[in-house]
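Below: one structure, written as structure tokens.
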Amino acid sequence: MSSDEKQVAPRSLAEALRAKDDGSLAALLRARPDLITPVPTDLTQLATRAGTRASVIRALERLDRFTLQTAEALAVAPEPADRGTLLALLAGDENDPAVVGAFPHALAALREQALVWGPDDRLRLVRTARELLAPSPQHPSPTGLGPTVAEATSGMSPGRIQEILTAAGLPTTHDAVSAVASLTGLFTDRARMAQLLAAAPPDSLDVLSRLVWGPPYGQVTAEPAARLRWLLDRGLLLPTAPGTVVLPREVALHLRAGRAHRSTEPLPPAVEPAATHRPQVVDTTAAGQAYTSLATIEELLKDWDEGGPTVLRAGGLSVRDLKRTAVALDVPEPVAAFWVELAYAAGLLASDGEADERYAATPAYDEWLELPAAGRWTRLATAWLSATRTAGVIGGRDTKERTLAALGPGLDRSAAPEVRHRVLTLLAALPEGASASPDSLVARLHWERALRGAASSDDLRARLARWTLSEAESLGITGRGALSAHGRALIGAESSAPAPEPDSGAEQASGPGDKLPVHHHRHHPAPPPQPRSPAELASAAARAGKLLAPLLPEPLDHVLLQADLTAVAPGPLQRPLADTLDVLADVESKGGATVYRFTPGSVRRALDAGRSASDLHAFLSEHSRTPVPQPLTYLIDDVARRHGHLRIGSASAYVRCDDDALLNEIIADKRSQGLRLRRLAPTVLAAQADPATLLEGLRSMGFAPAAESAEGDVLITRAHAHRTPPRTAPEPVPDGPPSPDTTLLGAAIRAIRAGDLASTTPHKPTAAAPGRNGTLPRTTSAETLATMQAAVLTGDTLWIGYVNAEGSASQRVIAPIKVEGGFVTAYDHTADEVRTYPLHRVTGVAELADEQA
């Protein structure tokens, strides 16, 4: 191939893709994974798919602001445009050095994603992208530019165009096309335009200044004022509809000093540190909050241990149940919703699926409780990182104006994992111990995904970023707003010292006060994070857990009993001790030290659970670092002495007692009237209330009754741990197709190349039908069989048409190995593997041209 042939510009995107190497195709498919879902048959189909509206919008949404501005500038440039023209639209007459430095990377990114194709002297934007980004009256461009002179004068009479030429000082022409070209040449000539505008009245220049940055349209009356008439006569304003005028694009660009955008943003905004703390303080603060998160999840599911709230008919928790849960956890409702959703995302709670459906802990919760504290935390943290369910939207409205409920449908936001990971990555780029300004984080995210949200703070990505900061703090990934060491390990970021200060040149380029180690990304914004494999995630979680474990407090095996019937736990307690103490006492206050209070009701609860007075005395003596106070000993003995003196069973319900005087006391008490008691025997009272109501009523009167079975045995009422059947954690909703791994990319590229070979290779004409590119060959069964058999002997490669069992037709390039029994076994270049095809499904066969074989 000669050097002249090498420089021939591609005529289509398909030809441009055909000229790419496998590495470039892999980069395209990795950046736009929707293009290989399913794998295209050839490069023509790949190009067609890359130009579809849905795919182009998805690609544009993933561009950073400057790369998007480059595409917007190309959309308003003449087509095709050369590299210099495009750069001038971005850098302006002053040739902004920051824009010049960032431009090569932006253009390369557009080429990599197949949004721009062609050589540097003939750059073309994919047609769909141009339609989306080019200015029109219905869809104004972000550039604020209007139509070109040629577009704005397309419906104008030739005579009127000649009048404009005369008023502008140009010679008339013989046709409208050359007249428009002459006017365009004037408006794009800086020197002549400067002379023309120098003669303009000041009021006319004021009109242009109001339209120059957009919107470019204005309203005029049937009799325009003199300042407008001067502009209309010279074509500096052109009519587009009755009463409407527009500023031509070429005029606006001259007034803007060549810039397509009012503000070009080649550099990502810096993430500004809000405060700096010692890394040790950050890590210990985060570790303390991490332990609190474990205690909160345990408290939540302990509260739901015997069956939690009922499931709403439409799914989720009711507002009342969420409020009750918030009170039980002693947190605001939004925070309670976060913990409920986190437990659900980690697979620790679910609905039980029974007729009276309720939420409850899953069997996985019991397994989770057996893990070390660091292992339990990593389970929660990794679930949070990948979850698409977003607690922050709870209480809002869906598209049908229905309220979004905790644990209900409609909470998935597919962008959440990417935003969480990006926020933590930006925190990791700060010096260790530094927290970030939320506003600067949001501004950075807006720059990196310019089309994903408006510049306001109300868009989803901004809210996700702010929720991420508060949730990461609650979970203990950050401490005092700064990323902890175990948080860095969790996201796979290296824990390093602050980056060295840039040199003076870099400091000037990045602006004063930029302390972030982002100077190496000045013209190369960070690409979207590639998904990590399960093995990588597990390894990162293990490293995070190993860093966190030494910072977590060791569980204690003792409490401090006090004379006021309280016990102080100076730290977290070992599980058997904590479980027993939860039954024997009520939690009075929580914090660094938990205070438990012993009451007659709590002691009776322990006795109901099967503990004897001697068991309770031994338990307290064993686990108290202080002597057991006498008041506590007396309380236990007093409740135990009266416990079970009264017995309640089911008749409807009855009370029996060996002491008839005690029964007389109950009947005489006015508080017992609601129980409707009557004496059946000296030692037995009957009630119309059920046993549970009777039991609770007598306890409220100050008695200590015990329930008994039909055989007269005391019932031991241990709390029953209700569990759901085995449940899997909710699957995250992906933000589009998953990014392909290296193996899939390699196989897809081989298949696309082979399919392209099949569709573009010249073929020898056959007797039945001459070979034509893109059509299936047609041969008789006998000719097909004979050609196949001959190819087995000669080792030739054949081009076949094949129709599968579903009726789908395709073209394939095969090298036959064996023909027998009505089947051909061949190496299929299209699939890059050996396959067997029924001969009756082969529509025809043709030999490849000699030079291509």
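No donor-acceptor pair closer than 3.5 Å links the side chain of Gln113 to the backbone N or O of Ala31. In this structure a side-chain-to-backbone donor-acceptor pair under 3.5 Å is missing from Arg389 to Glu341. For the pair Trp117 (side chain) and Pro10 (backbone), a donor-acceptor distance under 3.5 Å is absent. In this structure a side-chain-to-backbone donor-acceptor pair under 3.5 Å is missing from Arg83 to Pro119. Proximity of a side-chain donor or acceptor of Ser539 to a complementary backbone N or O of Ala535 within less than 3.5 Å is not detected. Of the possible donor and acceptor atoms, none in the side chain of Arg402 sits under 3.5 Å from a partner among the backbone N and O of Thr399. A distance-only check finds a donor-acceptor pair linking the side chain of Arg249 to the backbone of Gly146 [under 3.5 Å]. For the pair Glu250 (side chain) and Val149 (backbone), a donor-acceptor distance under 3.5 Å is present. Between the side chain of Thr128 and the main chain of Thr52, no donor-acceptor pair closer than 3.5 Å is present. In this structure, Arg835 contributes its side chain and Ile814 its backbone to no donor-acceptor pair below 3.5 Å.
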Stepwise side-chain contact (heavy atoms from CB on, under 4.5 Å) check, Leu46 with Leu29 | CA-CA 10 Å; Leu46 177 62; Leu29 299 179; 4.0 Å; yes
Show the numbers, then the answer: is there a side-chain contact (heavy atoms from CB on, under 4.5 Å) between Arg422 and Thr468?
-> CA-CA 10 Å; Arg422 187 58 186 148; Thr468 296; over 6 Å; no
Determine, step by step, whether Ser414 and Thr388 satisfy the side-chain hydrogen bond (donor to acceptor under 3.5 Å, both in side chains) criterion, reporting the C-alpha distance in whole Å, the side-chain angles of both residues, the deciding distance to 0.1 Å, and the verdict.
-> CA-CA 5 Å; Ser414 56; Thr388 54; over 6 Å; no
Show your working on side-chain contact (heavy atoms from CB on, under 4.5 Å) between Ser55 and Arg32 and close with a plain yes or no.
-> CA-CA 8 Å; Ser55 182; Arg32 299 176 64 179; 2.8 Å; yes
Using the side-chain contact (heavy atoms from CB on, under 4.5 Å) rule, take Val116 and Leu125 through it: C-alpha gap first, then chi angles, then the decisive distance, then the call.
-> CA-CA 5 Å; Val116 169; Leu125 198 61; 3.6 Å; yes
Would you check, one step at a time, whether the test salt bridge (Lys or Arg N to Asp or Glu O under 4.0 Å) holds for Arg65 with Glu72?
-> CA-CA 10 Å; Arg65 191 178 302 280; Glu72 291 166 351; over 6 Å; no
For salt bridge (Lys or Arg N to Asp or Glu O under 4.0 Å), just list the numbers for Glu131 and Arg127, CA-CA rounded to whole Å, side-chain angles, deciding distance to a tenth of an Å, and then say yes or no.
-> CA-CA 6 Å; Glu131 292 171 355; Arg127 183 178 300 279; 5.3 Å; no
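Side-chain contact between Val423 and Arg420 is absent, with no heavy atoms from C-beta onward closer than 4.5 Å. Looking at Arg812 and Val842, their side chains never come closer than 4.5 Å, going by heavy atoms from C-beta outward. Using a 4.5 Å heavy-atom cutoff, the side chains of Lys818 and Val824 are not in contact. Counting heavy atoms from C-beta on, the side chains of Ser810 and Thr41 never come closer than 4.5 Å. Contact of the Leu43 side chain with the Leu25 side chain is registered, since non-hydrogen atoms from C-beta on lie closer than 4.5 Å. With a 4.5 Å cut-off on side-chain heavy atoms, Leu385 and Leu424 count as touching. When side chains are defined from C-beta on, Glu820 does not count as touching Thr825, because their heavy atoms never get closer than 4.5 Å. Two residues are said to be in side-chain contact when any heavy atoms from C-beta on lie closer than 4.5 Å; Leu464 and Glu418 fail this criterion.
Here the straight-line distance linking atom CG of Leu35 with atom OG1 of Thr48 works out to 11.0 Å at 0.5 Å rounding. To the nearest 0.5 Å, atom CE of residue Met156 and atom OG1 of residue Thr240 are 9.5 Å apart. Interatomic distance, Thr784 OG1 to Gln789 CD, rounded to the nearest 0.5 Å: 11.0 Å. Atom CG in Leu757 sits 10.5 Å away from atom CD in Gln811 (nearest 0.5 Å). Atom CZ of Arg750 is separated from atom CG of Asp22 by 9.5 Å, given to the nearest 0.5 angstrom. With values rounded to the nearest 0.5 angstrom, Gln69 atom CD is found 11.5 Å from Leu63 atom CG.
Nearest heavy atoms, Arg124 versus Leu74: C-CD2, 4.2 Å. Minimum interatomic distance between Ala346 and Ala729 (heavy atoms only, all atoms of both residues): C-CB, 4.2 Å. Of all heavy-atom pairs between Thr85 and Asp82, the closest is N-OD1, 2.8 Å. For the residue pair Ala387 and Ala345, the shortest heavy atom distance occurs at CB-CB, 4.1 Å. In terms of heavy-atom proximity, Leu89 sits nearest to Ala77 at CD1-CB, 3.6 Å. Residues Ala809 and Val803 approach most closely at CB-CG2, 4.2 Å, considering heavy atoms.
Checking Thr264, Asp64, Leu86 one by one against Thr70, the side-chain contact (heavy atoms from CB on, under 4.5 Å) holds for a single residue, Leu86.
Asp21 and Ser24 share a donor-acceptor pair across their side chains, judged by distance under 3.5 Å alone. For Thr44 and Arg18, the side-chain atoms include at least one donor-acceptor pair closer than 3.5 Å.
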